Amino acid sequence: MKREDDAIAALDVGTSKVTAIIGDVFADGSVQVYSAASRPTRGLNHKGEITNLAEISDTIQKVLDDVARDADCEIRSVHVGISGAHIHAINEKGTVLVSSNGVTEQNINDACENARHVKLPPELCALQAVKQTFKVDDQKDIADPLGLKGVRLTSYMHLISCQKNAYANLKKAAESCKNIKGATIKAESFCYSGFASAEGVLTDDEKQLGVCLVDFGAGNLDITIYLNSKLYLSKTINYAGNNVTLDICEWARTPFSEAEQAKIHHGSAIWEENLTDTIELSTTVPGQCQTHYLSELQYVTTARYHQLLNEVKKVITELQTDLSEAGIFANKLLGGIVLTGGSTHINGFLKCAEMVFGKGKVRIGYPQHITGITDKVSSPSYATVIGLVRAQLNKGETHLSFDDNEQTFFNKLDKKWKKIKDWGKRTF
């Protein structure tokens with residue numbers, strides 16, 4: 001049995017599947033996976049929102065039991081990915097005066113906390129603060145300002161928040177689970193799924209050149225944009241693979257579960273109009289089936305995938321414009337577009353994406369730098385959980401997560417911020 005403090009458990013509660021792994025991350029960023037499991041999601045609607053707490057809790061429990069058994073490991077805590085249209089992200093900055101002997105660790109911490117000190121709407125709670133860069137006086141794009149001389153230090157950060165109720169419900173579902181000794185499993189941290197997926201599949205070169213990652217799930221599209229190795233944009237939209245399934249439901253008058261299987265096994269993102277094979281699907285009338293040509297099914301799926309990918313292209317263009325207006329120039333993403341997630345498994349998906357974004361400008365994102373049971377986790381479906389494990393390597397240096405005691409950017413730091421405000425009044 002691995003020691004409990006050595007193994008990292010990661011959990012991704014997706015709209016169609018609940019996935020978990022147990023693994024380790026090493027200093028070079030490689031992830032060794034000891035066990036992995038997934039089960040069909042129960043208790044969520046087509047947008048990924050929890051509608052039955054007991055059902056989703058039971059599914060999570062079974063998946064965690066699966067990975068704990070296979071890894072011969074006792075799970076004490078788990079790192080959880082969270083997504084949904086409620087995700088909100090902004091870029092903020094915080095400034096402090098530099099100490100007389102140059103920038104100190106305390107100056108850096110205070111500047112970062114200043115950037116994090118944002119009053120959120122009452123329905124939102126803090127999720128993550130991702131470090132971007134620093135500025136000392138007029139010198140920009142400083143990676144590590146420690147020791148530099150100057151008057152003012154400015155920290156730039158990407159702040160991600162989420163809906164309080166969505167966070168609380170997911171936390172409740174995860175922490176209703178028990179380990180093999182009957183102890184409650186703690187949800188140690190929550191991380192935006194888009195950030196985790198980027199950690200799982202993007203290369204350092206892509207982040208440096210500028211890249212857009214799209215995690216194409218069943219219920220949501222998670223979009224992140226990196227420039228100069230820093231995260232500048234995070235956005236989730238409720239428009240993804242389930243829309244294709246719903247189109248099949250409407251076209252064939254078949255139940256959702258049957259339409260989903262037809263999409264997975266017979267659907268395509270490229271239409272082959274000369275197909276003469278047929279498929280038999282149940283109708284909404286009990287006991288009745290109807291025969292359909294595969295060419296007709298693929299016409300339905302191809303139309304929707306083209307529409308979805310063109311919508312993604314439109315959203316990316318709009319987001320690039322928003323960044324440019326804020327002085328962050330993202331017009332040229334030389335690292336291209338990387339598509340990952342379970343919905344990318346559909347036949348012809350990459351070819352369809354190349355038709356939309358251009359040949360050579362898009363790739364499918366597979367988990368990078370993994371060892372262990374690679375035959376099972378070398379799939380876009382495991383991008384988020386691999387990234388959740390990898391994200392623990394530099395946690396605290398590159399990004400911060402918040403727990404229940406820090407569910408606004410201001411409540412835990414009230415006393416400290418009063419001192420900073422008083423200092424600001426005296427200084428400025």
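Worth saying up front: this structure is predicted, and the values here are computed from it rather than measured.
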Please round to the nearest 0.5 Å and tell me the distance separating atom [atom1] of [X] and atom [atom2] of [Y].
X	Y	atom1	atom2	result
C162	E123	SG	CD	11.0 Å
T133	M157	OG1	CE	11.5 Å
L350	R363	CG	CZ	10.5 Å
I22	I75	CD1	CD1	4.0 Å
F357	C352	CZ	SG	9.5 Å
D204	Y226	CG	OH	11.0 Å

Checking [Y] against [X]: is there a side-chain donor and acceptor pair closer than 3.5 Å?
X	Y	answer
S155	K93	no
T245	K263	yes
S161	H88	no
S193	S83	no
S99	N101	no
D215	T384	yes
N220	T236	no
T95	T154	yes
Y34	D24	yes
H266	T301	no

Over 60° means perpendicular and under 30° means parallel, so tell me whether F349 and Y305 are parallel, tilted or perpendicular.
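Judged by the thresholds at 30° and 60°, the geometry between F349 and Y305 is perpendicular.
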Would you say [X] and [Y] make side-chain contact, with heavy atoms under 4.5 Å?
X	Y	answer
P380	V201	no
V63	T19	no
N169	I56	no
Y232	N91	yes
K17	R39	no
I237	V312	no
Q163	E49	no
I21	I386	yes

Between R76 and I185, does the side chain to side chain contact (heavy atoms under 4.5 Å, CB included) criterion hold? Intermediate values first, please.
CA-CA 5 Å; R76 292 186 177 180; I185 296 175; over 6 Å; no
Tell me the closest heavy-atom pair linking [X] and [Y], and the distance in Å.
X	Y	answer
A173	S176	O-OG, 2.7 Å
T340	G365	OG1-O, 2.8 Å
H345	S381	NE2-OG, 2.8 Å

If the threshold is 4.0 Å, N to carboxylate O, is there a salt bridge linking D66 and R69?
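Judged by the 4.0 Å cut-off on N to carboxylate O distance, D66 and R69 do form a salt bridge.
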Taking 4.0 angstrom as the limit, do K207 and E199 come out as a salt bridge?
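Salt bridge present between K207 and E199.
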V13 and L44: CA distance, side-chain angles, deciding distance, side chain to side chain contact (heavy atoms under 4.5 Å, CB included) verdict
CA-CA 9 Å; V13 181; L44 269 64; 4.2 Å; yes
Contacts of E92 that satisfy side chain to side chain contact (heavy atoms under 4.5 Å, CB included) - sequence neighbours left out
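Testing E92 for side chain to side chain contact (heavy atoms under 4.5 Å, CB included), a comparison that skips the adjacent residues, returns I90, V118, L159.
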Worked verdict on H158 versus K230 for side chain to side chain contact (heavy atoms under 4.5 Å, CB included)
CA-CA 9 Å; H158 184 71; K230 307 301 180 185; over 6 Å; no
Verify side-chain hydrogen bond (donor to acceptor under 3.5 Å, both in side chains) between D110 and Q106, making sure each step is shown before the conclusion.
CA-CA 6 Å; D110 288 344; Q106 188 61 50; 2.9 Å; yes
